[in-house]
Amino acid sequence: MLKPMFVLLTLFLFPSTPQQTPVGPVPIPADAATLANPVKPTAESQAHAKKMYGYDCAMCHGVTGDGKGDLVADLKLSLKDLTDPATLKDKSDGELFYIIKNGRGQMPPEGDRGKPEDLWNMVIYVRSLAKK
Ligand code: HEC
């Protein structure tokens with residue numbers, strides 16, 4: 001009678017075995033990749049995104065997005081050129097939002113430093129770095 005209770009209690013206290021650290025690029029969850037960008041850019045929101053980019057992104061991706069930021073040499077980063085329209089062509093807004101929010105590889109997560117709408121505006125800003 002007591003034994004099943006004990007098993008349940010153990011499951012409750014130790015719900016899962018520790019997860020293994022994934023190796024290599026983690027696939028972006030399908031439901032995150034298909035999210036549509038809910039914001040419409042305004043001059044103000046894009047000015048804010050540009051400012052955030054200057055603080056949080058330019059040291060790696062470069063002010064223009066060319067991938068030649070100050071930290072690239074120190075961290076031995078290999079960054080794609082965001083000024084090339086081909087770079088983000090095949091990535092959805094949802095994927096970019098996910099990457100910016102959660103980070104990727106050597107890229108740190110923006111996480112809760114920006115509100116979701118700020119991060120969606122950042123997606124639009126990052127796309128605007130591509131030369132027309
Ligand atoms: C410490 C350096 C660093 C910072 C800071 C950083 N990134 Fe990145 N970013 C990277 C690296 C490295 C990758 C490539 C990740 C991978 O695929 O392994 C990347 C990838 C990306 C990508 C996807 C394009 C690609 O190369 O596949 C986007 C978009 C992006 N970053 C935007 C941003 C934005 C916006 C910010 C600021 C909020 C930011 N990054 C801050 C290093 C950085």
Side-chain angles (χ1 to χ4, degrees):
M1 195 54 201
L2 272 174
K3 214 171 174 193
M5 285 287 287
F6 181 73
V7 171
L8 277 178
L9 191 68
T10 312
L11 283 175
F12 179 73
L13 290 174
F14 308 100
S16 62
T17 45
Q19 296 220 303
Q20 280 206 306
T21 320
V23 182
V26 189
I28 293 172
D31 56 343
T34 53
L35 284 182
N37 197 329
V39 306
K40 292 268 172 289
T42 63
E44 204 192 353
S45 74
Q46 288 303 289
H48 181 64
K50 181 176 184 176
K51 206 166 143 191
M52 268 174 74
Y53 181 91
Y55 291 143
D56 294 345
C57 322
M59 67 278 219
C60 290
H61 290 278
V63 174
T64 63
D66 61 4
K68 299 192 169 79
D70 293 340
L71 292 183
V72 169
D74 285 350
L75 298 179
K76 299 189 174 59
L77 302 174
S78 76
L79 290 181
K80 293 177 191 156
D81 180 1
L82 300 177
T83 68
D84 178 351
T87 303
L88 299 181
K89 181 169 66 67
D90 297 326
K91 287 212 162 58
S92 67
D93 280 0
E95 287 175 300
L96 296 182
F97 178 84
Y98 188 89
I99 292 171
I100 294 169
K101 182 164 172 58
N102 300 293
R104 193 150 184 86
Q106 286 180 284
M107 172 167 158
E110 191 70 356
D112 298 326
R113 273 196 281 181
K115 290 176 280 177
E117 65 185 74
D118 291 333
L119 303 188
W120 283 116
N121 272 300
M122 183 64 81
V123 168
I124 297 169
Y125 181 73
V126 163
R127 285 204 192 278
S128 77
L129 295 171
K131 293 193 191 90
K132 302 289 168 340

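By convention here, the first residue in the shown sequence is residue 1. The model shown is predicted, which means the values in this text are computed figures rather than measured ones. We count ligands from 1, going down the list as the structure has it; atoms in each ligand are counted the same way. Heavy-atom basis, side chains included; hydrogens, waters and symmetry copies ignored.
If you look at Met52 next to ligand 1, there are no close heavy atoms at all, none under 4.0 Å. If you look at Leu88 next to ligand 1, the close heavy atoms, those under 4.0 Å, all belong to the side chain. The proximity of Leu71 to ligand 1, defined as any non-hydrogen pair under 4.0 Å, does not occur for either the backbone or the side chain. At a heavy-atom cutoff of 4.0 Å, ligand 1 is contacted by no atom of Ser78, backbone or side chain.
Listed by number with element, the atoms of ligand 1 under 4.0 angstrom from any heavy atom of Asp56 are 5 (C), 37 (C), 41 (C). Taking a cut-off of under 4.0 Å to the non-hydrogen atoms of Glu110, the atoms of ligand 1 that pass are 38 (C). Ligand 1 places these atoms under 4.0 Å from at least one heavy atom of Leu96: 29 (C). Atoms of ligand 1 found under 4.0 Å from any heavy atom of Val126 (numbered from 1 in listed order, with element): 29 (C), 35 (C). Which parts of ligand 1 touch Met122 is read off a 4.0 Å heavy-atom cut-off, strictly below it: atoms 35 (C). Every atom of ligand 1 is numbered from 1 in the order shown, and the set under 4.0 Å from a heavy atom of Ile100 is 35 (C). Those atoms of ligand 1 with a heavy atom of Cys60 less than 4.0 angstrom away are 1 (C), 2 (C), 3 (C), 4 (C), 5 (C), 43 (C). Proximity to Leu77 (heavy-atom distance under 4.0 Å) selects the following atoms of ligand 1: 2 (C).
Across every non-hydrogen atom of Leu119 and Lys101, the tightest pair is CD1-CB, 3.9 Å. Minimum heavy-atom separation, Thr83 to Thr64: CG2-O, 3.0 Å. Of all heavy-atom pairs spanning Asp90 and Glu95, the tightest one is O-OE1, 3.8 Å. Considering all non-hydrogen atoms of both residues, Tyr53 and Gly65 come closest at OH-CA, 3.4 Å. Residues Ala33 and Ser92 share a closest heavy-atom pair of O-OG, 2.6 Å.
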Kindly indicate, with the supporting measurements, whether the criterion salt bridge (charged side-chain N to carboxylate O under 4.0 Å, His left out) is fulfilled by Asp81 and Lys68. CA-CA 8 Å; Asp81 180 1; Lys68 299 192 169 79; 6.0 Å; no
Please test Asp56 against Arg113 for salt bridge (charged side-chain N to carboxylate O under 4.0 Å, His left out), starting from the C-alpha separation and ending with a verdict. CA-CA 10 Å; Asp56 294 345; Arg113 273 196 281 181; 3.4 Å; yes
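Not a single salt bridge (charged side-chain N to carboxylate O under 4.0 Å, His left out) links Asp66 to another residue, sequence neighbours left out.
Side-chain contact between Ile124 and Val39 is present, with heavy atoms from C-beta onward closer than 4.5 Å. The shortest side-chain heavy-atom distance between Lys91 and Ile99 falls under the 4.5 Å cut-off.
Among the atoms of His61, an N, O or S atom falls under 2.8 Å of atom 8 (Fe) of ligand 1.
Here's the thing with Gln106: none of its N/O atoms is less than 3.5 angstrom from an N/O atom of ligand 1.
Of the options Asp70, Asp81, Leu79, the smallest heavy-atom separation from atom 11 (C) of ligand 1 is shown by Leu79.
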